[in-house]
Amino acid sequence: YYEIEPSIIKNEKVIVNNFLNLNEIAPKNLEAILEDASKVKKAALGKFASKERYGNCLNKRLTGLLFEKLSTRTRLSFEAAVLKLGGQVLNLRKDEIHLGHGETLEDTSAMFSLFLDVLVLRLYEEEKLYEFSRHSKIPIINGLTNQSHPCQVLTDIFTFQEIRGSISDKKVVWLGVANNVFQSFLHAAAVFKFHVVFSGPIKFHPSTKMLEFLNGHDESVLTVEQNPIVAVQNADLVVTDKWVSMHDDKLRKSDLDDLENFKVTKQLLDYAKQDVLFMHCLPADKGQEVSRNIFEDKRCVVLKEAENRMHLQKSILRWCLNLF
Ligand code: CP
Ligand code: NVA
């Protein structure tokens, strides 16, 4: 009577809607999330009558957040999204649970499945994210790993489409370092059929693993162009990110010197299409990968990107929990 269900420990295969990487989610589901986000955003801004439709849709469901790394936007936008949809949020502090200190990931994941309805993870190792999902009975959302940042990039697609219409066939130029956010852009390019041009020093080019992902995809998904001026010509969207991510070592002076050519400035953006947009997921090292004055340029939409995080998180949660 008081025995723990063996299945809780053993993990029977349970099919749930995990949000792990964009290339693993069916395009029709990603489209559905984008469509839902647009309705959810309109409702949040009071733009249509059915505001109440979303006000309590999570109906006290409990979202857990476990972050191994720092976060301002992802944490805040998930917390706000959950609370505004009538859900509840629980922050699981990594220094207050047994995970990694005498309890396995498998057992931790089983415990999370007992008490939570959905779990957002920000981890170092992507493998750990997948291990969590293998042992979980509740949906897992990838809130960034060393390799990917799908919630951010889906928001970026939403933001671009909100301002400029379909991103399909558009030219997206990534400058600097081929990092985790870049990898999610590659995944998105394959799904949403846009072209990515990477421009950065050879040392920071896309890794072999990233290139392997392109096997079997249309070749035009990715082009590498050494000259940043040539790269941005005709660009619809220019994107960059910090040169040093949270999991990276400090850069050497010679690397910083090499990267300097790929800094996003107003002058560089002038080579792109006249209606080009500039995105950066933030936080930024102002003056390093971007000039300080870029943030007041009308082509820069970083605040819109950040604001849209919450609307997208709502729809990601709603999809994971089968609410549409
Ligand atoms: N862009 C982004 O994910 O920011 P945080 O690290 O603040 O969550
Ligand atoms: N590439 C950055 C993104 C932060 C949101 C990092 O991983 O630190």
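When a ligand or atom number is given, it counts from 1 through the structure's own listing order.
N180 ND2, 2.8 Å is the protein heavy atom nearest to atom 7 (O) of ligand 2. Nearest protein neighbour of atom 3 (C) of ligand 2, counting heavy atoms only, is D241 OD2, 3.5 Å.
The shortest N/O to N/O separation between L282 and ligand 1 falls below 3.5 Å. Considering backbone and side-chain N/O of V244, none are found under 3.5 Å from N/O of ligand 2. Of the polar atoms of H247, none of the N or O atoms is found under 3.5 Å from an N or O of ligand 2, judged by distance alone. For the pair T74 and ligand 1, the shortest N or O to N or O distance falls below 3.5 Å. The distance criterion of under 3.5 Å between nitrogen or oxygen atoms is not met by K69 with respect to ligand 2. Checking only distances, M246 never comes within under 3.5 Å of ligand 1, N or O to N or O.
The ligand atoms of ligand 2 that sit less than 4.0 angstrom from a heavy atom of L144 are 3 (C), 4 (C), 5 (C), 7 (O). In the vicinity of N179, heavy-atom distances shorter than 4.0 Å reach the ligand 2 atoms 1 (N). Less than 4.0 angstrom separates some heavy atom of L282 from each of these atoms of ligand 2: 5 (C). Residue M246 has at least one heavy-atom neighbour below 4.0 Å for each of these atoms of ligand 2: 6 (C), 7 (O), 8 (O).
Under the 3.5 Å distance criterion, with hydrogens and angles disregarded, a donor-acceptor pair is assigned to the side chains of N21 and E126.
Of the listed residues (N179, N180, N142), just one forms a side chain to side chain donor-acceptor pair (under 3.5 Å) with S148, and that residue is N142.
Contacts with ligand 1 closer than 4.0 Å are made by no heavy atom of K69, backbone or side chain.
The aromatic rings of W319 and F19 lie perpendicular to each other, with more than 60° between the two planes, well past the 30° mark.
Atom NZ of K286 has 12 or fewer neighbouring heavy atoms from other residues, nucleotides or ligands inside a 6.0 Å radius.
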